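Please read all numbers here as calculations on a predicted model, not as lab measurements. Just so it is clear: chains get the letters A, B, ... in the order the sequence lines come, proteins before strands, and each one is counted from 1.
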Amino acid sequence: MSKRILYWLQNDLRIDDNPIFSDLALQQCALDIVFVINPHWFRNNNYQQKPYGVHKQQFLMQSLFELQQVLIERGQTLHVLEGEPVTVLKQRIADQHIDGVVCAEHVGIYEQRQLARLKAHCPHVIFKTTQQDTLFKQSDLPFDLNELPKNFTPFRKKVEAVNIPITLSALPKTLLPKPITLCAAKPIESHNNLEHLMHGGLNSAQTHLEHYFSGLLPSTYKTTRNELDGFNNTTKFSAWLAFGCISARQVYNAVEQYEQNHIANESTYWIKFELLWREYFKWHALNVGSSLFSFKGQKHTKPLTTFIPNRFAAWCNGATPYPLVNAIMNELNATGYISNRARQIAASCLVNELSLDWRYGAAYFEQQLIDYDVAANWGNWQYIAGVGVDPRGGRHFNIEKQTLQFDPHAVYTNKWQGNKNTSTQLDNVNEVDWPI
DNA sequence: CAGGCTTTGTA
DNA sequence: ACAAAGCCT
C-alpha cells in the first residue's frame, strides 16, 4: 500500500468496528483524515428542500466534534474541509502529495458518482474502498445482488437460512498512523443550540448502547415499538447508524449479547428483524440505482398524484385538516425526529389524502430527519407510494383508525398542538378567483 | 369465469 | 390474524 494515505470519511464517523481504521492501524504510512462539508447540503435541491436542515446539521457537527476529540487522543486528527467534494479532495491530494485514498462504499448514487469523478481526476492515485455500512458482506449474501429478492420476506428467509457470520473489526490499541500535515486541524465548533433526544457522535452512541441494553427495554421492544411517542419505546439507534457513529453490526452484536446474558424472546428477535429491514433497503438501493428516486420507482406506471404547492406547504407546516398529522409534522419540525408509526401516517396522508407527489415528501424528510438514510428514506417512501418493494399497491393508513388506536385520548396530538392550525378544507379557494 | 381454496407477505 | 394475489375447478 502507498505511503501517504487520505481517508475520506462520509457516513462512517467512528473508529470501533471500522475495518478501514483497523486496516490503517497496521500500515506503515502517513495518514490524512478528511471530512468534506458540501455547500449543496444547505442549498435548495430540485424539490426546493435543503438536504441538511438545522437539526441534521447540528447532529453532524456534534458527530464530527466527538470523532475529532477521539482521534486527537490517538495522536491523529480530523480535518473538516468545505466545498464541492471532488474539487476539494483533488486539491488536497495534490497539496499533500497523497498516493492512496481509502473510503467506505456508499449505497447512494450521488456519492458513488462523486467517487467515480474523483478517481477519474486522479489517475495516479490508488483507491481502496470498503463496504462497511451493512451487516453482511456482499460476498456473503446467498444470491447475486442483481437477484436480490423483490420483497423483504424472501430476503429475510434466505439470509436467516444461511446464518451469515457478523464479526466486528477490532481496532488495535496502537496509535493510528501519524498525521500528514504538521498544522493542527481547525477545531470543530460544538453546536448544542437545539435540544435533541439524541446527541451526535461515536461516544454518545456507545453511551446510548449501554443505556439501552443495560435494562429490560430490549425484552419488551416488540410490544412498545409502534407507539407514537416515548424515548424508550424504540431503540433510537437510527441517527447514529445514519452517520455511522455506530455500526449495524455493533447493535446486532449487542442484541445477541443481551440474549445470552438475559433473555432471548420475540422482542429481542424483532430488533434483529428491524436491522434486517435496514439491511434489505441498503442492498435494494444499491441494486436499483437511480430508480430509487424516480417517480414511478420500479413500476412501469406513474402514481396518480401531482404536486400542489399549497397542499404540500400545509403538510410541511402542520396545517392539514388532520390534527394527528399536524401534530406529527410539528414534532418533526421542532425536533428532527418522529417515530416509525408517525412517519408512516404522515407519509400515507401526503400520498393518499393529499394526493401529492411522494418525492416531495421524501425530500422533506431528508431535510428534517436527523436519522436520514438515503436507502431507508427513499425506499420507504416508494413502499408507501406503491412504487417500490411492497407487493401491494402502496399503503393507505386510515387516519381515524390510527388516531383511535395510537392516540385515543389525544395526548400526543395535544402535546404537539395538532389542532392549532387545522384547516377545514384541503385547498383554500380564493373566492375572487372563482368565476361566477 | 365466478367463487373458493392456497400461498404469500406482513415493519 | 389478515388481506391481496395466484391458482384451481
Side-chain angles (χ1 to χ4, degrees), chain A residues 134-136 142-143 147-161 212 217-239 241-242 248 251-252 255 265-285 287 292 297-301 303 324 328 332 337-352 358 361-362 365 369 371-407:
Chain A
T134 44
L135 283 174
F136 310 129
F143 39 76
E147 279 157 17
L148 180 76
K150 297 275 173 289
N151 304 103
F152 170 71
T153 300
F155 166 81
R156 178 178 61 80
K157 289 184 174 166
K158 281 187 174 166
V159 297
E160 283 177 344
Y212 189 75
L217 296 174
S219 50
T220 54
Y221 171 73
K222 192 163 184 268
T223 60
T224 58
R225 61 175 294 279
N226 268 319
E227 295 299 314
L228 282 171
D229 207 2
F231 186 78
N232 288 330
N233 284 331
T234 56
T235 63
K236 297 289 183 303
F237 287 114
S238 56
L241 284 168
V251 178
Y252 197 97
V255 180
N265 61 14
E266 224 186 342
S267 280
T268 57
Y269 167 71
W270 219 254
I271 302 172
K272 298 192 282 186
F273 181 102
E274 299 297 343
L275 284 170
L276 285 182
W277 265 103
R278 174 187 185 274
E279 187 74 3
Y280 181 59
F281 276 124
K282 292 276 177 190
W283 295 118
H284 174 68
N287 188 32
L292 188 66
Q298 290 84 57
K299 297 285 190 286
H300 296 291
T301 48
L324 179 61
I328 289 167
L332 175 63
Y337 185 87
I338 46 177
S339 67
N340 174 58
R341 171 69 26 193
R343 292 173 201 208
Q344 296 191 45
I345 296 168
S348 168
C349 175
L350 178 132
V351 171
N352 297 298
W358 67 268
F365 273 18
L369 285 170
D371 60 12
Y372 167 76
D373 173 295
V374 64
N377 187 66
W378 292 81
N380 268 309
W381 272 94
Q382 291 199 332
Y383 176 103
I384 294 283
V387 298
V389 294
D390 192 1
R392 308 170 194 186
R395 292 288 163 134
H396 190 176
F397 288 84
N398 183 326
I399 298 175
E400 231 173 286
K401 277 191 191 167
Q402 293 288 315
T403 306
L404 277 173
Q405 197 179 343
F406 295 104
D407 197 29

Worksheet entry | Derivation and outcome, side-chain contact (heavy atoms from CB on, under 4.5 Å), residues A:Leu148 and A:Tyr280 | CA-CA 9 Å; A:Leu148 180 76; A:Tyr280 181 59; 3.9 Å; yes
Worksheet, complete the sentence: Sorted by chain and residue number, the side chain to side chain contact (heavy atoms under 4.5 Å, CB included) partners of A:Tyr269 (sequence neighbours excluded) come out as A:Arg156, A:Glu160, A:Phe273
Practice prompt. Identify whether NZ of Lys or CZ of Arg in A:Lys236 sits under 6.0 Å from the centre of the six-membered ring of A:Tyr212 and within 45° of that ring's axis.
Written response: no
Worksheet item: What's the CH2-C1' distance between A:Trp277 and B:dA11, to the nearest Å?
Response: 6 Å
Fill in: Distance in angstrom units between A:His396 NE2 and B:dT10 C1', rounded
18 Å
Response to the item:
Stems in DNA chain C, runs of 3 or more consecutive Watson-Crick or G-U wobble pairs with both distances under 3.5 Å, sorted by first number, are B:2-9 with C:2-9
Discussion item. With hydrogens left out and only the distance checked, is there a donor-acceptor pair under 3.5 Å joining A:Asn380's side chain and the base of B:dA11?
Written reply: yes
Practice prompt. Figure out the CZ/C1' separation between A:Arg156 and B:dG9, and round it to whole Å.
Written response: 9 Å
Worksheet entry | Phosphate contact (B:dT8 OP1 or OP2) by A:Thr153 side-chain N/O below 4.0 Å | no
Discussion item. Measure NZ/A:Lys150 against P/C:dA5 and give the value in whole Å, please.
Written reply: 18 Å
Item to complete: Using a 4.0 Å heavy-atom cut-off across all strands, classify A:Phe281 as base, sugar-phosphate, or nothing.
Response: base
Worksheet item: In whole Å, what separates the C1' atom of B:dC1 from that of B:dC5?
Response: 16 Å
Worksheet item: Can you say whether the rings of A:Phe152 and A:Trp277 are parallel (under 30°), tilted (30 to 60°) or perpendicular (over 60°)?
Response: parallel
Item to complete: Using only heavy-atom distances, determine whether the side chains of A:Glu274 and A:Trp270 contain a donor-acceptor pair under 3.5 Å.
Response: yes
Fill in: Whole-Å gap separating C1' (B:dA11) and CD1 (A:Ile384)
10 Å
Worksheet entry | Euclidean distance, atom NZ of residue A:Lys222 to atom P of C:dA1 [Å, nearest integer] | 11 Å
Discussion item. Without decimals, in angstroms, what is the distance between A:Gln405 CD and C:dA1 P?
Written reply: 16 Å
Worksheet item: For A:Ala362, which residues count as a side chain to side chain contact (heavy atoms under 4.5 Å, CB included) partner, sequence neighbours excluded?
Response: A:Trp358, A:Asn377, A:Trp378, A:Trp381
Worksheet item: Less than 4.5 Å apart, any side-chain heavy atom of A:His284 and any of A:Val389?
Response: yes
Worksheet item: How many Å lie between CG on A:Asn151 and C1' on B:dT10, as a whole number?
Response: 10 Å
